[in-house]
Amino acid sequence: MNERLKTRLGRLELANPVTVASGTFSYDYADYVDFNRLGAIVTKTITKEARGGNPTPRLFETEAGLLNSIGLQNPGLDKFIKEELPKYNQWKAPLLVSLSGSSIEEFCEIVARMDEEDCAGYEINVSCPNVKNEGIAFGVDPKVVFELTSKLRKHTERELIIKLSPNVTDIVSVAKAAKEGGADSLALINTLLGMAIDWKTGKSRIARGVGGYSGIAIKPVALSNVWRVAKAVDIPILAMGGISNYQDALEFFYAGASVVAVGTENFMNPLATIELIEKLDMHLESQNISLKDIIGKVKGVIL
Amino acid sequence: MNERLKTRLGRLELANPVTVASGTFSYDYADYVDFNRLGAIVTKTITKEARGGNPTPRLFETEAGLLNSIGLQNPGLDKFIKEELPKYNQWKAPLLVSLSGSSIEEFCEIVARMDEEDCAGYEINVSCPNVKNEGIAFGVDPKVVFELTSKLRKHTERELIIKLSPNVTDIVSVAKAAKEGGADSLALINTLLGMAIDWKTGKSRIARGVGGYSGIAIKPVALSNVWRVAKAVDIPILAMGGISNYQDALEFFYAGASVVAVGTENFMNPLATIELIEKLDMHLESQNISLKDIIGKVKGVIL
Amino acid sequence: MYKKCLITAFEELKADYFVLMIEDSALAQVSEPGQFFNLSCSDGDIPRLKKPISIYDVDGSEIAFMIKKVGKGTEYLSKLKVGDSIDVLGPLGNPFPLVSGKSVLMVSGGVGYPPLVYLKKKLEDCEVISIHGGRSYDDIFLCDYPFTEDGSYGRKGLVTAHLEKIIKKHKIEVIYTCGPDSMMKAIGRKALELNIDCYLSLEEYMACGIGACYGCAVKVKADNEQGYIYKRVCKDGPVFEVKELWMEDK
Amino acid sequence: MYKKCLITAFEELKADYFVLMIEDSALAQVSEPGQFFNLSCSDGDIPRLKKPISIYDVDGSEIAFMIKKVGKGTEYLSKLKVGDSIDVLGPLGNPFPLVSGKSVLMVSGGVGYPPLVYLKKKLEDCEVISIHGGRSYDDIFLCDYPFTEDGSYGRKGLVTAHLEKIIKKHKIEVIYTCGPDSMMKAIGRKALELNIDCYLSLEEYMACGIGACYGCAVKVKADNEQGYIYKRVCKDGPVFEVKELWMEDK
Ligand SMILES: Cc1cc2nc3c(=O)[nH]c(=O)nc-3n(C[C@H](O)[C@H](O)[C@H](O)COP(=O)(O)OP(=O)(O)OC[C@H]3O[C@@H](n4cnc5c(N)ncnc54)[C@H](O)[C@@H]3O)c2cc1C
Ligand SMILES: Cc1cc2nc3c(=O)[nH]c(=O)nc-3n(C[C@H](O)[C@H](O)[C@H](O)COP(=O)(O)OP(=O)(O)OC[C@H]3O[C@@H](n4cnc5c(N)ncnc54)[C@H](O)[C@@H]3O)c2cc1C
Ligand SMILES: Cc1cc2nc3c(=O)[nH]c(=O)nc-3n(C[C@H](O)[C@H](O)[C@H](O)COP(=O)(O)O)c2cc1C
Ligand SMILES: Cc1cc2nc3c(=O)[nH]c(=O)nc-3n(C[C@H](O)[C@H](O)[C@H](O)COP(=O)(O)O)c2cc1C
Ligand code: FES
Ligand code: FES
């Protein structure tokens, strides 16, 4: 593209600041989206062993957002490497592999194995609300996050992104722990915890009861987390949470994000990423500014 | 009204399960709403000394919810007792006084003083996100909540409600601490933390940067908190968060709430409480059930 | 394909049903029975998840959908007019396998009706018997054996009631079915029992519609501990053979 | 009062401005200049906060609003038609104090125009001079001294530029003003300097509109440490005398 849109995510220089949120996008979108135009590609979260996922129903759209309870259904690391990785690597956009494990060792094992393959870096999912006995435990405790990050750091020289959960008392302390552990950048936010019930029958809309809440409704929450983390921790932020268009993206850049990801909006508009890039570029051009002029430059805050 | 709608909130038997969320309602609404028809009345949060509140702008409506940053502006306890309390006590609906303090002693002092006056009970606001150096600190730590609640318990025989914040890693542990400290019931949720930025100018929509996020957007989050707390703690729940109509209220009853409060929706429709009561009654009648038949009876959850 | 298409016809049927027609020859050429489109159901207002709707008919370069208004999304669609345009994503999913020279039974319930209409048009040299059921007269469309739950039209009761008799009478060799889960399960079980080929077009709540999100999962038999794995209705289906499906109750 | 009212007239003005008229004699009787209504701006869709709109005119049992389309809420209003109905909450706030037999200056900017039109109609025995400013020709309405920022109509520049000259020329004794914050501040300061009575009708983001939420705060002078306290524009205002206001920059 052009200079205006260039941005840095830790070790990576991206052609533009737009990528996709893990789990909401896959090579299936290649029929609609030119992946070469994305700033980066983020895969669905991969685990060491295959996972069957959660009982159904797994989805429900509420008045203003989406509940999901996929439960990290995925084919497992080996099959991913054999069958999916080659597909992703046909595109020139840097590939960030999202991964999760049930122990620190397992996280390390996956990174070590992936490091033998081709990809640009890792988004470490310690924050999926839809998996029991793990995920949450990792993402909410700064000590655990520090230990996990520092161990992972030893296994790779590639971009190491820790993806944070908003379902914590103090996201800043978790973010700091990730940075101190050696993370190159932070991704936030994962989904909120949410629920919906059919008022006619009393039936939970999601089989697991609670699911992950995403989409437009969570944008203000994501934005406040990005702003608070950006003020306190000086590594780049990959932001997601209700981002649908270039206006939303601008809010996040002002709050301190260096890259934005489109998640739930892909379902509403498969071309959302491309339209965002194009319109963002036009906007910056019309204002005669580049991205770096606005990142973190929110005004009017009286503390 | 009638038997179908009766509900219990700790020590109180309420004629119907509908009240208002603190800070979103005041006697100013008496021009529009017949307060005698409410199940209970909850006041705006009162502090010992008068409070000026936060800088402006204090409000912004996002795509799906409302940001506010009032900062507990209120006339202080003495003036409240002299000028506002008599107004509220002209109505027969039980009055719950919401209050907050900057130390455990101050909380106790307010309750002790109020106990000399006429009211049905207290909603203890340990969870306001718009006040610096307090609130949050109280509401997020189970140990502090336990200590606060047990000390307050010594000062009153009236209904003691602890209002919880959703901005915590583990709301259940805070809820348990409140119960163990002697709370009669729990109110949840207070607002989420949220932010919005004017994409054209980069200006924060709220002077303080971050505000409290309420309204329809937060309903799924409120519901998941109510459900998780109701399963774990067996004292009644006064639920709020995006409740706009009787269908929303039914979701919360199924999730485990004994009483619901209308907050942000009062701004959209001043008659929301009354319409909710009427339509809920019609619905229960048409199904030939009473409230107690559905409280906590959510179905279809596969754990 | 993801396209903005012109609405070329709109027809109210009875009660809450209506037919919407779009024009696009590229899409029409590749649209097969059993496939569906994800239709935009909002002008940017929320909620705005796309909604899956089966192909009801293809005529030249036009594609028809038959839709029942049940909520916000379908209500939006019901207010569209000829000359408006709509974003469509599709055709999605796998079509029904076509048989020829067979004695075929089609069983539909509610909005399971439309895909079978298009299927019938495409089946060659088959003798087709159709059963359709719904709550009441308003939900009944042209078929050989209509059933209503309230008895307001055709026979009273569930479509599955007389299933075996009809199968035997018409010497049915293949069954195609689309409708409520419970109905399809009953038909599937009967097909297994009588050892008849049976294709079901399933419904699950969908988000992406193209296989990316794994939201629309359904249990398919597998050689593992649980006995099943989850497949995606949108991409691995929506049509499944009864023998692949895990038929225990959820 | 909170009522559903019938829309009895709708008139497009230039550019994005329009006039909406509702009928209700009880409301009309108590509607005074400077007061406003909170109008419903949605059919249940979100967002749906009510929007404060000043009273532009009262004629018999009809109340008129002059509105500029600036976002979703006012866009909804701009699409209403005669015969539609709308929920209105009001009249809200305190009216302008009425003077008589005085030489009066009215200064408005943008959508600060409508309340002053109704005020003018209600002032008796006054000589009224009006200044109105806006971005360009599209934002200008009938007045004695029109100003545009881009010079496309009237004088080029801000309404405040020639303020002192006009005050002196017409021996102004009272100023009423409504418009952008910066404009009103400049006028207020000039009024203080020249010791002229000055009433400002303020705007702040509102939620309840009736004094319950404390969202619409504005700084008013007070005898405390900071020198100010916050009052509510909706209930304690929207009209304030310049002498009460805290005039430092925010
Ligand atoms: C493969 C497939 C083909 C379909 N074909 C047709 C058709 O030809 N004609 C027709 O009228 N209907 C069809 N449906 C059903 C149709 O998708 C739903 O009626 C529609 O999504 C309802 O949306 P709503 O906003 O109007 O109602 P809502 O109030 O949102 O939902 C009503 C019910 O519709 C279903 N539903 C809602 N959203 C979705 C979604 N995103 N994905 C799947 N189901 C959903 C749920 O069961 C829900 O309880 C099909 C569904 C699927 C999965
Ligand atoms: C006392 C008062 C009287 C007013 N009288 C008139 C009038 O007679 N004619 C007229 O055209 N406009 C009037 N306004 C302004 C009008 O309220 C806003 O233009 C309107 O709320 C914009 O809503 P929106 O959804 O169209 O735009 P949005 O895109 O939501 O907002 C555009 C701008 O309008 C203002 N605004 C938005 N929501 C509110 C709110 N809830 N409360 C206050 N301001 C808001 C903000 O400055 C915002 O930046 C008045 C405002 C106040 C406070
Ligand atoms: C259907 C769905 C599946 C998701 N799967 C994953 C996942 O596998 N790993 C992950 O880190 N986040 C996952 N997420 C969370 C998103 O990556 C993102 O953090 C969240 O949805 C907020 O962004 P959004 O509001 O733009 O969707 C998923 C979200 C959705 C809606
Ligand atoms: C303008 C405003 C002011 C509020 N003030 C208070 C308050 O003083 N004390 C309190 O406990 N909660 C306060 N809240 C939070 C509400 O009581 C309620 O917990 C929250 O808004 C969620 O409910 P809702 O979505 O129905 O509004 C306030 C909320 C709003 C919108
Ligand atoms: S709807 Fe996303 S995988 Fe089927
Ligand atoms: S808008 Fe609520 S107090 Fe003024």
Side-chain angles (χ1 to χ4, degrees), chain A residues 20-33 43-45 49-75 130 196 205-207 211-212 214-217 219 242 244-245 263-272 274, chain C residues 1-4 30 37-52 70-73 87-93 181 202-220 222 224-236 246 248-250:
Chain A
V20 291
S22 176
T24 67
F25 203 80
S26 66
Y27 48 79
D28 302 286
Y29 275 98
D31 294 347
Y32 313 98
V33 175
T43 70
K44 190 169 164 44
T45 298
E49 308 297 341
R51 265 176 195 271
N54 284 341
T56 61
R58 293 179 176 181
L59 290 170
F60 184 72
E61 189 181 26
T62 67
E63 286 92 338
L66 182 69
L67 292 172
N68 89 79
S69 170
I70 311 300
L72 296 189
Q73 177 167 357
N74 82 89
N130 289 321
R205 299 288 195 174
I206 296 286
S214 66
I216 286 177
K219 196 181 70 177
S244 306
N245 52 41
T264 302
E265 183 65 14
N266 291 307
F267 308 146
M268 282 64 172
N269 175 11
L271 299 179
I274 302 300
Chain C
M1 284 174 269
Y2 185 50
K3 288 194 168 180
K4 194 177 279 301
V30 295
F37 279 82
N38 248 4
L39 304 185
S40 284
C41 293
S42 123
D43 270 334
D45 291 337
I46 42 178
R48 55 200 174 81
L49 209 53
K50 291 180 160 22
K51 300 289 178 171
V70 296
K72 276 202 179 175
D87 290 329
V88 309
L89 178 71
L92 304 172
D181 207 58
L202 303 185
E203 288 194 8
E204 271 297 330
Y205 212 101
M206 294 185 180
C208 70
I210 64 169
C213 76
Y214 284 80
C216 59
V218 62
K219 288 179 185 169
V220 167
N224 63 7
E225 213 181 308
Q226 294 95 30
Y228 63 82
I229 56 168
Y230 284 108
K231 286 207 169 184
R232 297 160 297 184
V233 170
C234 72
K235 190 169 179 180
D236 305 315
W246 174 258
E248 319 295 312
D249 287 313
K250 277 197 190 174

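Throughout, a chain's letter reflects where its sequence line sits, starting with A, and its residues are numbered from 1. Since the structure is predicted, the reported quantities are computational estimates derived from the model, not experimental observations.
- Annotation: maximal heavy-atom pairing with chain C below 4.5 Å, among A:Asn266, A:Thr24, A:Ile216, A:Asp28, occurs at A:Asp28.
- Taking the six-membered ring where tryptophan is involved, the planes of A:Tyr29 and A:Phe25 are essentially parallel, since the angle between them stays under 30° and well short of 60°.
- Only the side chain of C:Lys235 comes within contact range of chain A, with at least one heavy atom under 4.5 Å from a heavy atom of that chain.
- Ring pair A:Phe60/C:Tyr205 is tilted by interplanar angle, where 30° to 60° counts as tilted.
- Heavy-atom distances place the side chain of A:Ser244, and not its backbone, under 4.5 Å from chain C.
- Counting heavy atoms of neighbouring residues, nucleotides and ligands inside a 6.0 Å radius, atom CD of C:Glu225 does not exceed 12 of them.
- Contacts of A:Glu61 with chain C are made by both backbone and side-chain atoms, with heavy-atom separations under 4.5 Å.
- In this structure the side chain of C:Asp87 never reaches within 4.5 angstrom of the side chain of C:Lys3, judged on heavy atoms.
- Under the 4.0 Å criterion applied to side-chain N and carboxylate O atoms, A:Glu265 and C:Arg48 are assigned as salt-bridge partners.
- With a 4.5 angstrom heavy-atom cutoff, A:Asn74 does not touch chain C via any of its atoms.
- Using a 4.5 Å heavy-atom threshold, the side chains of C:Leu89 and A:Pro270 count as touching.
- No other option in C:Ile210, C:Asn38, C:Ile46 has as many heavy-atom pairs under 4.5 Å with chain A as C:Ile210.
- Residue C:Lys51 touches chain A through its side chain alone, counting heavy-atom pairs closer than 4.5 Å.
- Among A:Ala50, A:Ala64, A:Pro55, the residue making the largest number of heavy-atom pairs under 4.5 Å with chain C is A:Pro55.
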